[in-house]
Every structure is written in structure tokens, then in C-alpha cells.
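Here the structure is laid out as C-alpha cells; the discussion comes afterwards.
Every chain is numbered from 1, with letters handed out A, B, ... down the list of sequences. Computed from a predicted model, the values in this text were never measured in an experiment.
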Amino acid sequence: MRRNNNQKLHRKFDDDESQIISENKPNGNNVDHSEDAHMKRPRPHITELQDQDTEAHGTQPSDGSAAVVNSAPRWAQTASKKKQKVKKSHAADAKTVTFFSDDEEEQQRSSKALSFDQQKAKARELLEVRKTLPVYKAKDELLERLANSRVTVLIGETSSGKSTQIPQFLMPLNKKSIAVTQPRRVAAISLATRVAEEVGTTLGDKVGYSVRFDHKAKYGTKIKYLTDGMILREIMIDSSLSQYSTVIIDEAHERTVLTDLMMGFLKELLQKRKDLKVIIMSATLDAERFSKFFDNADILFVEGRMFKVEKLYLEKSVDDVVDSTIKTIIQVNNGELEGDILVFLPGQEEIDKCVSLLERLAPELPKEAPLIVPLPLYASLPPADQAKVFLPLKARRRKVILATNIAETSVTVPGVRYVIDTGLRKVKVWRHQLGLSTLLTAPVSKASATQRAGRAGREAEGKTFRLYTEDDFMKLPAMTEPEIARSNVVSPVLMLKRAGVDDILNWSWLQNPGQDSLISALTQLHELKALDDNGKITELGEQMAILPLEPQLSAILLTAHKSGCLSDAVDIVSCLSVDNLILNPPSETRDEVNEKRRSLCILGAKYGDLLMLKELLDFYLQFDNSQERKQWCHDLALSHRGFKNVMRVRNQIRQYMVSLTKDKHLFDEEKEKKPLDIPSVLKAFLSGYVSNTAIGMPDRSYRTTTSGQLISVHPSSLMFGKKNDAIMYTDFVYTTKGYARNVSAIELSWLQEVGGHVLAPKHSIA
DNA sequence: TGGGGATTT
């Protein structure tokens, strides 16, 4: 790398993103201008639930009456009014991820078991903290507004306390339960834990939660935090959600597929259930859209309490993101006061490059500045490595956390005062015309850039260094495109069919994914025999909708059941539905690890990755010692935690299959150790992945059976470099070229046998 | 012979 530090950043005071700035002057508690200020470490926060920081600092909040307005234009005005500055309190942070292992998590929770009196005392103590939250000041006015409308859109900035407080305010007013939905499991669990403390009840009693594999709620639980996926499951069982009188959709601005679906269902349900109230909570500008969707619902605004974040832009655009990132890190480290640095990069590749460059450079940097400690953070990183970003450092050191989008919403790292934002992210876009996904590096939206910047202003004033020009920023789209517009909607469509929606194209979509995308999904479901020729859901389709799996995988299990290889198929499907089970070995050991996998998985080497998964799971199950198991996972670059999840999924699927088939002894065959019937297993998978097949060409390339596109076997596959007549794959991703991932060898004759109805030439006369 | 942003039932 060239040592060229003349990269210039110029200052730009905020006028475009008034919602996260403060007009207040520093209050003196957080900014220290003494020479060695950067040596003073911020107090480490390991989890958000520690009982400290109970005192509030800073200026007085604005009065409650100013905090709530009911129209968007005034919202802008209100947003630019003074923000209070209060030292971070954990209440607003109750969604932060904690990195306990499963066992530790359990211990942590049970160690908190308090007596009735202790619970009440604790709740009284917490009440003082709650009173400092912006939303608490506006309580009376909020309640009045909420009482008068059936649907309300509530804009609450980060740290307003809306997710913890609003349900508590509403509790005495609701006859039935209040459901609060979250996009992520950890958020649902930690919010419920926090609110139970504030209410002074045992978790699972008055306040509880419900997420996959974990429920702490009973009949009569007044406030229930659920994941979006979980409440959709409940809708499948009880379409009128009769146990709730209020449903709160939180984090609606994230626009996940499941949140969007939920809003569509609620819109329809509101006509049926006249006693139901709905609150849509969002952190950003989407308010108008939500309001219109729900027949011009009231919009309320509650301010947050973020600190001011100064934004700096480049004067000239740069090409080399890694180079420019490194220079900026060094510049910030040399020139800025105490506080850690959070860097947003698009992907693992860029992160790993930066980490190794920084490790090399760190010892050569000026001795006056803190020593840089680079820490990568991305989803496929083992949990133990992820947890390192939370550990406190010794004096005279500065964390530089190099992260993907994971740090934008899912993981909140305390102590960050500086954000460096490359303005890039990776997006997966589903091309229904081609039946493949593309993984693109693309610019973020303004909303996303604002969110990233906000990560520097959670505990004190901060700065964000944007590695693009202000002009570039102005050209960014206002909002990230909702996920549903770029996803495969097979699963949502099946869900709607199962809920009795006939006219999918004209359903109450918050955002319609588009006719082409919907028709492609309907076609796929027809091919899977989930829908009949009239588009009505079949019995098979009903069963597929019940299983907590993608329709393809459900179809595979139902076929496998008929052909007598269910147990093996369940094992493989369980592995397929866990992300990051098979890790990418670090480049130093890559060849070695690949060779180990190949020699261990004899069937995998011959038949492909699906059988490798089966073999790996069998090996995993053989260990009786958890230490050996961990070591084995480590040697083969497999995720130990991933396998634990596989076991939970496997268990759940088995239960579902038992109840679907009403055959209690369905999995008893396991005791007999039936030999593995490889063709049956592969044919069962072929029934779900008929369209994901390709024929081998003489030049060792493959062409897909559906469109004749050129496709290559991904190098991470055991089938890489092998010649086969035909292959089947679970994923087709276009990056530098079209890659098939998770590849298995199949026989040409099976294509006609299993997939004749799909692959028959379109021009043939029926 | 080459590279997987993030969720969830």
C-alpha cells in the first residue's frame, strides 16, 4: 500500500439528516480535551442489561407536548427541535445482542430469579430510569391519541424507549393480550426480559416471549414479544389472532419480507376484528407509506435521544475501498480523541484484507497514538470471535471494528465514537426470470447511511467519515428497497394460499412484488404440486405450508416419506436449513481442510454435497464428548453452534412429520439402522429441485435444463472439478459467473422419471 | 479452479 495520507475530508454540518443531530452544546461529561484524553477508555459494557448508568445527565428534555404531533410536515419541524442528552440507559438498548452460549444464556436467566418483593423493589428502581425516557414524558398524550384510533403509525427515534414502554402503557387498557413483533429473535427475548423486570413480574408470567425453539409465555400473558415469523405461524393456526386486542409491529421500517406480510394480514384482519388495535412502529421516514396503507392512519412522533454525529465527506471519490479505509482509520487514530472506530465494509473479503493490513501496520504507527486493535465482525465468523468486539481492552489501545451490515441493526457495539462508512453493502437479488440469485455490491440508501452514522452517537457525540462525496450521498436512494421486491416469494405465496387468499396478485400487499415475480412463484408451487391446475392449494400444499421450511424442502420430505427414506432426508434438510454450518476455511488451511472433508466423506466425494451433509451429521452424532466434538468441528471448519441448531431443527421437523402423518413410530426405523438408499434420497431431493438441474457438456461445463445457461460448480463443492452426466444443486448464485452450490451427481434418466412434468419440452402437444 | 450481506417459521 502506498503511504499517501493526503486524502482530504471536509466538514459538512448536517442539514439533510436533522433527525439524528442535536443542537445542544457538549455537556462536559463526555468530551475531554486534555492531551491524553484518548487514553481514557469508556467504561466497558458487556451486555445491555447491567444495572448501572441509572443517573441521567445533561440538558432537560423538551416537554411532552412537543414530542407528539400527528402529521408528517410537523414531524420534520419537531425533529429539528432540541434533543435531550441523557446518558445511555439500558432500557432503550434492550435489543442489543449478547453472546452467551446456549447454556450460559440459560444460567444467566435463572440466576435472575428474584422473590416477589425483590421483583417489586427492582421495578420501582427501574421506574426512575423509565421516567427519563422521551416516550415516558409523552405518556398521557400518547395514550389519548392511541385511544382514539384503531391504527396508529408511531415514529420513534432510536433510544426513545418505544419498544419497552408503549406496551406497558397499554397493558391496563387491554382486555386481551398485546403482541409486539420483532424481526429478530434476540430482540424479542431481551425486550421481554427487560420489560418483565420493569413490570416486576417473572418472565413468562405477565410478560413473555415466543420465538422459534423458545417460548416463555402462558395463557393470559399480557405482553408477548414475538418474532414476525412466529406471529405469522399463529395466524396460520388462528387467522383472527383472537387472543390479542392490540398488535404492535415494531421495526416496520426494516421492511423484512415477514414484516411486510404481517402488515398485509393485519389490514385484512382489521375489517373482521372491529375490536383490534394496531400500532406500526418505525424509526424512519416510511411513515407516510404506512399511514396511507392503513387508510390514512394517524402518525405520531416521539423523539429519541441520540447524540450529535458530525458528518465528514470526501472531496473526491475513491476507487480502492480498502486503501481508503486504511488511510482513514490511521488518520482518525492519530487525530481523534478516545473512542472506538466502527467501519462498515461490504463483505468478508474486504474485511479480511483490512484486518491483515492493519495487523501489519499497527506496530509501525506513531507511538503517541493508541495502538490499533483490528476486530472483524460478520455473520459467518465463529461466535467466539464475534464476542471479541465486546471485550474491554487494556489502556492505550483502540478497537477498530471492521463489520458488515451486521453492525447496522443486529449487533450494537458499545464504546464506538467514530464510524467510517464505505457506503457499500452486499445485496442478494432474486431474478425470477433466470431462476438465480445475484450477489451484488451496491451503494446503501440514505436511510442506511444515517443508521450507520447513528452508531457513533449512542453514548456521546461522535463523528462519521463517509468515504464518498457529498454529491454521491445526495444521489443515494432515500430508502433501501424492501426485501420483498427482490426476493423469491414462493414461501410467502404458499402462506397466503394456505390462509385462503385466492387472488394473490391483488392481495393487500404493502408492496406488491410484481406480477412476474408472483406468477413465477405460482408456477413453482404448481410444479411442486402444492397448487392444482386451478391454482387451489392441494392437500400436499397444505402439508408443505405447515412445515417450517421452504416449500422445496417440504416437498422433498413428503416425497421421501413415500419412498421410505424420510429419516435420511430429514437429516440433510436440517443441515440445509442452518446457515453457516460449513464454514470457509481460512486461506492458510483451505487445501488441508478440503482434503480432510473429502477423505472423511466417502459418499460425499462420490455423490456430492447432500450426502456429505448426511455423513457429517452421522459423525457429529457419534461423539459422546463435547470437547472432542468441538475439536472435530474446528479441524473440518464446521460450525459447532451450527450443528446444535441442526439438532433443534431436526427435532422439530421430526415432530411435525409425526403429527402430519399421525404415525408415532415414524422415526423408529432409526433403531434398526436401515442402510442408506442413495438413489432414493437423491431422487427425493430431485423432486424439490427439478428446476435446479444441469447437464454435463463434453468440455466439462454444465448447462441448465431449464434455460440452457452456462453454470459452473462452485469451488467449495465436493463435486468441483468432477465430471458428471448431470447435476442437481440447491442454489444458483451469480457472482463473478454463474455458480451452482451444494451440488450432487444425478443420473440423466432420473430427470425424466422425477421431473418429466416440469422438464418436458414446452412445445410438445399435450 | 474460486469466494456466501442480513433475517426467520
Only counting residues at least two apart or in another chain, list the ones meeting side chain to side chain contact (heavy atoms under 4.5 Å, CB included) with [X].
X	answer
A:S701	A:M697, A:D699, A:L710
A:D725	A:L748
A:N724	A:Y702, A:M719, A:K722, A:I727, A:A745

To the nearest Å, how far apart are [X] [atom1] and [N] [atom2]?
X	N	atom1	atom2	answer
A:M719	B:dT1	CE	P	17 Å
A:H714	B:dG2	NE2	P	10 Å
A:Q451	B:dA6	CD	C1'	13 Å
A:D228	B:dA6	CG	C1'	14 Å
A:E251	B:dT8	CD	C1'	15 Å
A:Y734	B:dG5	OH	C1'	19 Å
A:K426	B:dG5	NZ	C1'	8 Å
A:R486	B:dT7	CZ	C1'	11 Å

Measuring from the side chain of [X] (C-beta onward, heavy atoms only), which nucleotide among [options] has the closest atom?
X	options	result
A:K428	B:dA6, B:dT8, B:dG5	B:dG5
A:I406	B:dG5, B:dA6, B:dG2	B:dA6
A:E483	B:dA6, B:dG2, B:dT8	B:dA6
A:R184	B:dT1, B:dA6, B:dT8	B:dT8
A:D591	B:dG2, B:dT9, B:dG5	B:dG2
A:D579	B:dT9, B:dT7, B:dG5	B:dT7

- request: Select from A:A379 and A:Q652 the residue whose nearest nucleotide in DNA chain B is closer to the 5' end of that strand.
  value: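 The answer here is A:A379.
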Please identify each residue that fulfils side chain to side chain donor-acceptor pair (under 3.5 Å) with [X], with sequence neighbours left out.
X	value
A:Y468	A:D421, A:R466
A:R598	none
A:T480	A:S445

query: Restricting to pairs with a member in residues 223-235 of chain A, which pass side chain to side chain donor-acceptor pair (under 3.5 Å), not counting sequence neighbours?
result: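 Checked against side chain to side chain donor-acceptor pair (under 3.5 Å) - neighbours excluded - the pairs reaching residues 223-235 of chain A are A:T181-A:D228, A:K224-A:E234, A:K224-A:Y244, A:D228-A:T259, A:E234-A:Y244.
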- request: Drop me the distance from A:L440's CG to A:R425's CZ, to the nearest 0.5 angstrom.
  value: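 These two atoms lie 9.5 Å from each other.
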task: Of all the heavy-atom pairs spanning A:L566 and A:L557, show the shortest one and how long it is.
output: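 The answer is CD1-O, 3.4 Å.
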Could you tell me whether [X] contacts a base, only the sugar-phosphate backbone, or nothing, with contacts defined as non-hydrogen atoms closer than 4.0 Å?
X	result
A:V211	sugar-phosphate
A:S380	nothing
A:R185	sugar-phosphate

- prompt: Below 4.0 angstrom from OP1 or OP2 of B:dA6, is there any side-chain N or O of A:T404?
  reply: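 Checking B:dA6 against A:T404, a side-chain N or O does come within under 4.0 Å of OP1 or OP2.
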task: Look at the side-chain N and O atoms of A:T227 and state whether any lies under 4.0 Å from the OP1 or OP2 oxygen of B:dT9.
output: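 For A:T227, the contact criterion (side-chain N or O under 4.0 Å from OP1 or OP2 of B:dT9) is met.
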Within [range], which residues have any heavy atom lying less than 4.0 Å from an atom of DNA chain B?
range	value
residues 229-239 of chain A	A:G229, A:M230, A:R233
residues 695-704 of chain A	none
residues 540-553 of chain A	A:P548, A:L549

- prompt: Quick one: salt bridge (charged side-chain N to carboxylate O under 4.0 Å, His left out) partners of A:E550, sequence neighbours excluded?
  reply: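 If we apply the salt bridge (charged side-chain N to carboxylate O under 4.0 Å, His left out) test to A:E550, skipping adjacent residues, there are no hits.
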field: Residues which pass salt bridge (charged side-chain N to carboxylate O under 4.0 Å, His left out) with A:K388, listed by chain and number, not counting sequence neighbours
entry: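 A:D385.
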query: Using the ring of each side chain (for Trp, its six-membered ring), is A:W509 parallel, tilted or perpendicular to A:W507, with breaks at 30° and 60°?
result: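 The arrangement is perpendicular - the two ring planes meet at more than 60°.
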field: Neighbour count >12 (heavy atoms, 6.0 Å) for atom CD, A:E539
entry: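 It does not: A:E539 CD has 12 such atoms or fewer within range.
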